[in-house]
There are 4 protein chains.
Amino acid sequence: MRIGFLGLGQMGTAIAANLLRTGNALTVWNRSAERAAPLVEQGAVLAANPRAAADKAAIVFSMLADDHAVESVLDGQDGLFQGLAQGALHVSLSTISIGLADRLVAGHAARDQRYLSAPVFGRPDVAAAAKLSIVVAGDPADMDHAAPLLSAIGQRVYRVGDKPSMANLVKLGGNFMICAAIEAMAEAMALVRKGGVDGQRFIEVMTGALFDVPVYRNYGAMIAEDRFVPAGFTAPLGFKDLRLAGEAAEAERVAMPLLGVMRDHLLETIARDGEAVDWSAIGRTLARRAGLD
Amino acid sequence: MRIGFLGLGQMGTAIAANLLRTGNALTVWNRSAERAAPLVEQGAVLAANPRAAADKAAIVFSMLADDHAVESVLDGQDGLFQGLAQGALHVSLSTISIGLADRLVAGHAARDQRYLSAPVFGRPDVAAAAKLSIVVAGDPADMDHAAPLLSAIGQRVYRVGDKPSMANLVKLGGNFMICAAIEAMAEAMALVRKGGVDGQRFIEVMTGALFDVPVYRNYGAMIAEDRFVPAGFTAPLGFKDLRLAGEAAEAERVAMPLLGVMRDHLLETIARDGEAVDWSAIGRTLARRAGLD
Amino acid sequence: MRIGFLGLGQMGTAIAANLLRTGNALTVWNRSAERAAPLVEQGAVLAANPRAAADKAAIVFSMLADDHAVESVLDGQDGLFQGLAQGALHVSLSTISIGLADRLVAGHAARDQRYLSAPVFGRPDVAAAAKLSIVVAGDPADMDHAAPLLSAIGQRVYRVGDKPSMANLVKLGGNFMICAAIEAMAEAMALVRKGGVDGQRFIEVMTGALFDVPVYRNYGAMIAEDRFVPAGFTAPLGFKDLRLAGEAAEAERVAMPLLGVMRDHLLETIARDGEAVDWSAIGRTLARRAGLD
Amino acid sequence: MRIGFLGLGQMGTAIAANLLRTGNALTVWNRSAERAAPLVEQGAVLAANPRAAADKAAIVFSMLADDHAVESVLDGQDGLFQGLAQGALHVSLSTISIGLADRLVAGHAARDQRYLSAPVFGRPDVAAAAKLSIVVAGDPADMDHAAPLLSAIGQRVYRVGDKPSMANLVKLGGNFMICAAIEAMAEAMALVRKGGVDGQRFIEVMTGALFDVPVYRNYGAMIAEDRFVPAGFTAPLGFKDLRLAGEAAEAERVAMPLLGVMRDHLLETIARDGEAVDWSAIGRTLARRAGLD
């Protein structure tokens, strides 16, 4: 089977390498072609544009930075819509808006192409180890079709519904919950530190007694050490995901007070500490508010 | 060594039983004496009042419901202050306010008695299995002295400072973080459910991919199943702990926006669903706000 | 002088009538031509499209519902950009986004046309009485040029800067403050009513002792009487203006906690009471949360 | 008729002077007796303690700083409870908690004394001009009895219910609404200033177009000028009143999101700018968050 792959950032490169290992033919494309070199060495073919990457592929995966990047590969003479065969499947791994997912559904359906949303949880090292958690939604037959390849790149595949955007909604909900864990640690740590307790000790207690998972351990350590560069996930990127969650909440008419609180904290963080800090720098913002700087 | 124990609720009974197993002599007291029967069968002695329970004891533990209950055992002719010998140690396991911890320090010091705050994380079944997480603060020599007994009732003992109230502050910070996890799930679940995603499936994804710990699994299940009675921890008790955290935040001049949000949600929950529901019924409140009822 | 006018809703019709009274020639356009009849009777000329309304005009005013409506009159063969003469002035009275104001600046500048933002405060009856408050920003010479006509439609003209979008920002800030007054009354009234105080009496005290202005009197009466239809300004329109303020806050990196609170309350109001209620129905939402329904 | 008066701060002194002008005999008491001198010169009699001030008085007014100050004049051999005759009336003008108002009702009733809560809106200059707004609640006969004297010290007297604490609840609601106006201006001003608009100009527009009342004019000017000392009403006093409102909201089970937001902002203000600033220094806090410092 021929597979296409669009987007070779850190995540995309790691995932594409795992797809190569399945023994299928892989054609890759990236806006900056030089990022494809390691995969080409391993046997992938470099395509000149998204259309070429999709040519003759049964399945095309895309792993792109945001809505804008996804939109830029779809249309036009060299675009994915043009290249994907009738009946072929596009699996979008990117974290995108509900609105864009719905437009992908419509755009592919109009061309008798098939579409799944399959956003992932996990950082590049997790992707490289093929241990991603994958949330997928769409037509069950399409999910069956994609299942072997999704299993090749992830540890767990969660089917959450028959409408693709449902997977994107779950992904946005998950990022919201990660940010909420950061927020909770940031507030609690400001309190206990002002009362004289060591921040690292507090995180040891919380992760030891209650929250022994990487989200709390890793972000807790960053907050306790006031270490926010280099960023794993920058404050503006975090804000963008909260904005997408907010747009979904607006469309669905759902009040999410914590979302408003966290958006404000990211804005303040960016206003005070710049665009380059990790989103867990909310911790510095709340410490500063308490006069701990 | 003789040990005294005040307060035989579910938690206290389980902890006292584990202390009995250390082979030390145990004198117990409870406001309703009949709750002592199982322990007396196992060899404990029943005291008529807190003073008698403390008589000749090297260490007295207390595990009481709240500030008021602790205050009620301290003073007067039959009180703990009167019964505890000079140099003997009171270890308070209860979740109490910073202010009361400070008053306990002063009250015991004035009588040449010793005092540690050692609040615990864990439900009654965890206490029965001697797997509590214990947060302790106070004089290091006192913590050394209490160490063997704390190890007999808990799995991990975390020393967080030399001022007893620091342990209480960490406990309040921990309960705040548990409630924040509830809040995050409640908001995210309202969003994804309104978008058509099954609530239980969402919790499976979140705990599978990111938050595989009992706090998220247990409260997530309660929210997904809209099952809030019988309560493990009622909304008014949760509100009380947030109020204590708020008093600490006020005293320390620390802004905690999430705290305000959650207090409001518990108030609304109580106003609409009554005093008997579990504090995770925040989930029902946020679903109702979204028109999901 | 020839004046063009685009948009004959309630506000536009009232304003255009006052412009007619200045004795200048007025050419009007509206998407539904029949709304122009009363003005035509008074001497206005009806144009077939925005381009025609702008033809030979020294100044064209626009008073349209939202960004979308403004964008729809600009481009194309029949659009304002095409019709406005070099050196002629467009004065936008609409409540629009900062982004659109900036695009208007650029679009007109590219054609050697001139542009002012001049959003207004006041309901249709205030507009009819020529008592609007007008906030204007742009080139001082353009503001001088427009001054006599602005004075003909408003009571006070406030110049707030030399960049047109500054006027739009002030308008969004003002609508935010109106909503904040609604929010404050809604919360305070839920509290005092739950404590047995009559809501109307409370508003009498507040407006008598502290806040004797129409915003508080009118919205306070609506909340006290739980009367939200027919809406003066619907909840979705209010939400839209808060969204524009939120976009500006995001662009400027300004944390606005109250904005998040109020957006949630409008979403909950819409989710529970529908799209047709006045934005002051926040009052019903907060009463319901308190169990007062 | 003999009148007693307890508490000669700025407010109390101004009010007592107006009571003197009614021609009634006035006996005054203050913790620091020297503050009574100006009133004694005008004919008032100085009492040695609250009991003496109440002796033979038909009505005793109290105007004290807070709950603690009121509680300190009630009990004991020299207290008001001891001095007030059966059937005589205590009118509390202070801003106190609902809980204390209820205790005053019970304490006076137990001694066949009468009690009204009558808190006031207005600063010392307003009190001196006898233009206070007075909110009163209690037994209608008692309100009739006090009416001539209340009219002598205030411009408007609002009866809000037959239970005294209802007046205190309205007063707390009013202070909440004043703080909400400050909060709204602080947030909006941070936004428009970051967008280049002059802060003072913004306040001119807001008060000119929408909010032409002293609360907005005065606090708006302080925020625009970043001038918060000397304080008219300090941040800690403001926090105290919000805390009392919060206690009432807790007792009544009413969610008040704005209250949580404002409490946090006052805490942050105190943490960063100290205890002496005016509560409108929330404006500086929000400007700093936006990076405007």
Side-chain angles (χ1 to χ4, degrees), chain C residues 98 121-122 133 135 137 156 158-161 163 165-166 169-170 172-174 176-181 183-185 187-192 194-198 201-202 204-206 208-215 245 248-249 252-259 261 264-265 286 289-291, chain D residues 98 121-122 133 135 137 156 158-161 163 165-166 169-170 172-174 176-178 180-181 183-185 187-192 194-198 201-202 204-206 208-215 245 248-249 251-259 261 264-265 286 289-291:
Chain C
I98 305 307
F121 289 104
S133 294
V135 183
R156 293 280 305 269
Y158 300 91
R159 299 187 178 196
V160 297
K163 188 179 163 190
S165 66
M166 293 163 83
L169 193 61
V170 168
L172 294 176
F176 164 85
M177 283 180 59
I178 293 170
C179 194
E183 173 73 29
M185 283 189 284
E187 295 194 17
M189 196 150 3
L191 175 64
V192 301
K194 197 109 187 251
V197 176
D198 177 72
R201 189 64 179 143
F202 178 67
E204 286 166 22
V205 178
M206 288 300 107
L210 295 167
F211 300 109
D212 190 16
V213 285
V215 167
E252 299 287 357
R253 309 309 199 193
V254 176
M256 298 180 75
L258 188 39
L259 190 64
V261 167
D264 273 336
H265 293 181
L286 287 170
R289 285 186 178 183
Chain D
I98 305 307
F121 288 104
S133 293
V135 184
R156 293 281 303 271
Y158 299 91
R159 300 187 177 196
V160 297
K163 188 179 164 190
S165 65
M166 292 163 83
L169 194 60
V170 168
L172 294 176
F176 164 84
M177 282 180 60
I178 294 170
E183 173 72 29
M185 284 188 282
E187 295 195 15
M189 198 154 357
L191 175 63
V192 301
K194 197 108 187 252
V197 176
D198 178 72
R201 189 66 180 143
F202 178 67
E204 286 167 23
V205 179
M206 289 300 107
L210 296 167
F211 300 109
D212 190 16
V213 286
V215 166
E252 298 288 356
R253 308 309 200 194
V254 177
M256 297 179 76
L258 188 39
L259 190 63
V261 168
D264 273 337
H265 292 181
L286 287 169
R289 284 185 178 185

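Numbers restart at 1 for each chain; the letters A, B, ... are given by sequence-line order, proteins then strands.
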What is the minimum heavy-atom distance between [X] and [Y], and which atoms define it?
X        : Y        : value
D/Met166 : D/Ala137 : CB-CB, 4.3 Å
D/Phe121 : D/Val135 : CE1-CG2, 3.8 Å
C/Met185 : C/Val215 : CE-O, 4.1 Å

Can you tell me which of [options] forms the most heavy-atom pairs within a distance under 4.5 Å of chain D?
options                                : value
C/Ile178, C/Val160, C/Val205, C/Ile98  : C/Val205
C/Arg253, C/Met189, C/Arg156, C/Arg289 : C/Arg253
C/Asp264, C/Leu258, C/Leu259, C/Leu172 : C/Leu258
C/Glu183, C/Glu204, C/Lys163, C/Arg159 : C/Arg159

Atom group of [X] that falls short of 4.5 Å from chain C, counting heavy atoms:
X        : value
D/Val197 : both
D/Met206 : side chain
D/Phe211 : both

For [X], which atoms come within 4.5 Å of any heavy atom of chain D: side chain, backbone, both, or neither?
X        : value
C/Arg201 : side chain
C/Tyr158 : both
C/Phe176 : side chain
C/Val261 : side chain

